[in-house]
Structures are given as C-alpha cells and as structure tokens.
Amino acid sequence: MADVVTKATRESFGEALCELAKENDRIVVLDADLAGATKTSIFQKAYPDRFFDCGIAEGNMMSIAAGLSTCGKIPVAASFAMFATGRAYEQIRNSIGYPNLNVKIAGSHAGISTGEDGATHQCLEDVALMRTIPGMTVLCPADHYEMLAATKAAIEHVGPVYIRLGRLAIDSFNDPATYKFELGKGITMHEGNEITVIATGLVVNEARKAVETLEKEGHSVRLINIHTIKPIDRDIVIKAANETGRIITIEEHNVIGGLGDAVCDVVTSECPVPVRKVGVYDRFGYSGPAWELLEKFGLTETGIAEVIREELAKK
Amino acid sequence: MQTTEKRQLQILATKARLGAVIGTFNAKSGHPGGSLSAADIMTYLYFKEMNVDPANPSDADRDRFVLSKGHCCPSLYAVLALKGFFEWEELYKLRHVGAMLQGHPDMKGTPGIDMSTGSLGQGVSAACGMALAGKFDKKDYRVYAILGDGECEEGQVWEAAMFAAHNKLDNLVVIVDQNGLQIDGPVCEVCGIEPLDKKFESFGFNVVKIDGHNFDEIEAAFENAKSVKGKPTAILAKTVKGKGVSFMEDKVDWHGKGPNKAEFEMASEELNAEIARLEGEC
Ligand SMILES: Cc1ncc(C[n+]2csc(CCOP(=O)(O)OP(=O)(O)O)c2C)c(N)n1
Ligand SMILES: [Mg+2]
C-alpha cells in the first residue's frame, strides 16, 4: 500500500489538469473568479495563455465553453458546484447538453463539507441536476488517486462531463500500484454477502472504515465505490442486489436525485430489494466546521456503521 | 454634517469593523476584506438613513436593506448588534454549528436581515422586487442594496438595473462598494467593469460617485438620491478593501480568510486605539 496522501480532491484535479495539458494542447481552462478555490490556479500558473478568467459570470462562462468546444478546444469550466451547476444549469442543458458538446464542468466545494460558508454554498443538488441532462457523464471521485484517473478519463471521453470536487483535505485509500479506473464501472472494494454498501465521493473512505468495524463484529458487508454516477454500473448493482438482498447507499448529497436514486432506478426495475438511502434528507445545510457537520449529518464512520447495524437487524 | 455626529458614526463604524474581526477570528473563516470596506456605508444606513426599529424588525413600513454581496455579513451583523437587533455576543459564535449568525445572511433566522443572500447578483434583483412592491402598495419605504464591484460582472446585476430603470424605481438605491478587488485579483485584471458610471447612466440611473469612507460624501449621496424622482440611484463608492486594519488594506489575500490569533490581536489593538482616539475627540 502506498503512502496515504492527504489532499482535497480539488487540488488533485488541478494537478491532473496540469499533467494532461502537457500532452494535450486542446485543453483550455475557464474559471469564474474562484481559481484559487477550485485549484484551476495550478493550471493557470503553468499555462497562463490557456487559462481564461470569466469573472463572476457562471452562465456566460458555460456558454463560452460551449463555443470554444465547437472550435476543437476541450474546455474545462470550473466554479463552486453550487454556481456551476445551479446558476448555470440552463446554459449547461441547452448550450452544452443538447448539442452534446465536449465540455468538462468541474464543481468544487460540493456537499456539506464546504463547511462554514453555510447553506448557500453547500451544494447538495449538483449530481441530481447533472444526471437529468441526456448524455452527461457524472463523476464523483473519492480520493486523490481516483481524482487523477477520473480527470484523465473525463478529458479523454468525448462528450459533456460533470466532475464533482471537494473542498476538504481527505486521506487517500486507493493504492496507485493496483488502482484501475474505468469510466462507468463501479469498484468492489470489499466482498461480502449479508448486505451491500454503495458509496460515492468523500464518504467512501468513511464507509470503508465502517465496513471494517462491522467485519470485526462478525458481519460480511460488501462495499462498492461508484465514481461514475452516470452512466451507472448496472451490472455491479444487480449482482449486489441478487447476492446480498439489501443495499445501503451513501452520499454527501440530497437523497433526492443523487447516487441513491441512480441505484434505485436499477434495483426497482431489475432486482427489487430494500434500499436505504443515506445522505442529506431534503433539507438545507448550515454553517459549521466540515467534520462537525459530516458527523451531525451521519456521514462519518460511526453514523454509517450504525445504519449498517440497523439494516442488518432487519434481515 | 456636524463634527460630533460624524465622530459618533466613525466610532460606530470602527466598532462594526471590530465586530467583523471578532467574528471572522472566532469562525476561523469568513470575509474580512469586503466587510471592512463596506462598514462605513452600512453604519450610515442603519444609524442615519434608514427607518428601522430593532424592536419591530418585520414592520411592513420599514426601509429595507439587502446585502447583495452577502459574504460581507460579518460587519452587517456587527452593525445590527450595535443597533440592538440582537446581542453582540452572537458575533463570537459566527459560523459555528447551531449559531444564529450563518456564513451568509439568513433572513429566516436572523432578526434585521431582510433578504437571504450569498449567491452574487441575486440580492439586487430581490431589492428591485421590494422596491416594486413598495410602489405597488403606495408605501414610502426605501430600499438599499450593496453590491461588490466584482459582483457587477454577473449579468443578473444588469438585468436588475434595466428593470429598475424601466420601472422608475426611485425608491431604490444601489451602492457599489468599489474596493477594486475580487477573489482572483484586481477587478480590472479579472474582467473589467469600467466605465461603471457610464454603464449605470446609460441603463437609466442617477449616478453619484463618492469616497465610501467619507461620511459627508455618504450623506450627500443619500440626500441626492432622495431628491431625484423617476429613476433609481447608483452610488459608486470608492473604498479600500480591508479598511481600518492596516495589514489587511488593499490586499487580495484578505478577501476570504479569518485572522489568526496574532493577527486578531494586532487588528483589535489598532481598532480599539482608533475608537479611543475618536472618543477622545468627542
Ligand atoms: C454566484 C456566485 N459566484 C461566485 C461566488 C463566490 N464569491 C464569493 S465573494 C466573490 C468575490 C466578490 O468580489 P466583490 O463583489 O468585489 O466583493 P468584495 O470585494 O466586496 O468582497 C466570489 C467570486 C458567489 N458567492 N456567488
Ligand atoms: Mg470588490
């Protein structure tokens, strides 16, 4: 196992863009006055000529990206998840989604772990919004190594991609020597047959620790990491439903429209089993330090372990 | 303006700055720079210009204030506390779990906040809505909105401007806090907004340019706004980001981070000394 890297996925994203730009001169990066925060500043430093700050004008930025892509560029447009997908939703839908343009949208400071800025900045709807756009690929990487690989895959994929970035520095858990990223494929991180936990993003590592605890308590819990929420890996979900009979989904997002719903779409039509969706239950967040909030919202190791115990008891 | 009155306002504004520094220090986050640049104007609004009553914060006839650049709420919270809307002690809990004072203004939870803001560009439109309702209901309250200069890059600001002029919202005053800086650098380097006066003029506004730290000029601008009928007013206030805390002044870095302990102590010392100096002059 490689050394643990403690880094926010936004930072890994910025580094990855820089690496990829060396080989690919079609990549250009746009930001809306948040380059320091989304970490596109790393790219800006290395490639000032290929970086365009659009100012605080997210809607305009998305349509500019659309125009750039029609001329052969691969534009990466970044802002906070809230403003990228929320403020500019309709521009993304109609100027990027409908013409199926090759634009990469990066939404940083996603989820409750945005912390002190509070409800207006804690985006809990970005995955839902982006999932609704036909042809949009939706990525939510869980650690440093996965973000490096996902960014590369996003650039290589031809078509619109949304990639979710976190603000909070988190520990890596993947081993770069063995880690393999395949767009649209979930990763079984831990085998088990009593129940399946399916997680995405920052909470994957928390789920991993919870699953370890449950193992110690004598349970057999399967853990799946879904980095591509759309298109979702149907096979891995169906197999888990058939083999374990019960699923828990975990995400740092509103339970409406996110990973949980993507999983339920597969389960209800192919292999009906109970699914418990863990996330933010149709409410707004509030200000506070990130880890305190994650704890409050039941999205850390202890909260997740508790839910697994509850669901196991129902079997 | 009488010297004593000016001194009183300066003391209050300096206290508001201290409150913003206390809040962002205890929150270990937040936006001191733009809070400090807008402190004089907010102080003037709440202590001289606006008709508001802390005992009756939702009075239907009150004047309204919208902090369109919602991230600068630390000094607004301090002004509201000084005015008596809530306890000064709340500032120490800014941005904490369970606190009343959220990272961005929350009208549901905080007395005195007329509009929830934080997403740039939207507050000024909400202010237009309030002004429109005032016209519709034939009420004579007035509506004030403070925008950031970076915020003026949002297209919505200009949609609002067009709407305000078209609807002759002379009960609306938009103040642009022209501190010259946004997050990624100077506004003129990120995505320039000048000539801002000509833009607002051509959108149909009465435009007044002032030094946003000079209470005589602030007063004259708001008086001018009241005298102009049939069109909204834009006050373009030249300010210094971080004003009043020497090491924060005109520094992009101080946009969005809380001071550490040593910085907090330096800042409070400076501000307390200024308060003492001003009180000595009274
Ligand atoms: C729609 C939207 N986009 C981006 C942000 C993030 N943001 C917060 S403050 C800020 C810069 C604001 O600069 P300015 O308006 O000049 O404010 P000031 O200098 O007074 O702090 C940005 C980009 C936001 N809050 N809302
Ligand atoms: Mg500014």
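So you know, we letter chains A, B, ... as the sequences are listed, proteins then strands, and number each from 1. What you are looking at is a predicted structure, and each value in this text was computed from that prediction instead of being measured.
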What's the separation between atom [atom1] in [X] and atom [atom2] in [Y], rounded to the nearest 0.5 Å?
{"X": "H255(B)", "Y": "D33(A)", "atom1": "NE2", "atom2": "CG", "value": "7.5 Å"}
{"X": "L101(B)", "Y": "S287(A)", "atom1": "CG", "atom2": "OG", "value": "9.5 Å"}
{"X": "H104(B)", "Y": "Q122(A)", "atom1": "NE2", "atom2": "CD", "value": "10.5 Å"}
{"X": "H71(B)", "Y": "T120(A)", "atom1": "NE2", "atom2": "OG1", "value": "11.5 Å"}

Practice problem: For residues G288(A) and V97(B), report the shortest heavy-atom separation together with the two atoms involved. | Solution: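 Between these two residues, the closest heavy atoms are CA-CG2, 3.8 Å.
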
Self-check item: Among D53(A), L293(A), N60(A), residue most engaged with chain B (heavy-atom pairs, under 4.5 Å)
Solution: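 Looking at each option in turn, the highest pair count goes to D53(A).
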
Practice problem: For each of G115(A), G55(A), G118(A), tally heavy-atom pairs with chain B at distances under 4.5 Å, and name the one with the top tally. | Solution: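 With the most close heavy-atom pairs to chain B, the winner is G55(A).
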
Look at atom [atom1] of [X] and say whether more than 12 heavy atoms of other residues, nucleotides or ligands are closer to it than 6.0 Å.
{"X": "F284(A)", "atom1": "CZ", "answer": "no"}
{"X": "Y98(A)", "atom1": "OH", "answer": "no"}
{"X": "Y92(B)", "atom1": "OH", "answer": "no"}
{"X": "K73(A)", "atom1": "NZ", "answer": "no"}
{"X": "K238(B)", "atom1": "NZ", "answer": "yes"}
{"X": "K199(B)", "atom1": "NZ", "answer": "yes"}
{"X": "E89(B)", "atom1": "CD", "answer": "yes"}
{"X": "K45(A)", "atom1": "NZ", "answer": "no"}

Checking heavy atoms, do the side chain of [X], its backbone, both or neither come under 4.5 Å from chain A?
{"X": "S29(B)", "value": "side chain"}
{"X": "S116(B)", "value": "neither"}
{"X": "A27(B)", "value": "backbone"}

Taking the side chain from [X] and the backbone from [Y], do they hold a donor-acceptor pair closer than 3.5 Å?
{"X": "E153(B)", "Y": "A57(A)", "answer": "no"}
{"X": "D184(B)", "Y": "A35(A)", "answer": "yes"}
{"X": "D117(A)", "Y": "G103(B)", "answer": "no"}

Quiz prompt | Engaged part of Q44(A) at the chain B interface, taking heavy atoms whose separation is under 4.5 Å | solution =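 The answer is neither part of Q44(A).
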
Practice problem: Output the option from Q122(B), Q156(B), H31(B), K28(B) having the highest count of non-hydrogen pairs under 4.5 Å with chain A. | Solution: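 Greatest number of close heavy-atom pairs with chain A: Q122(B).
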
Quiz prompt | Contacts with chain B made by residues 82-92 of chain A (heavy-atom distance under 4.5 Å), listed by residue number | solution =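 Residues F83(A), R87(A) are the ones that qualify, each having a heavy atom under 4.5 Å from chain B.
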
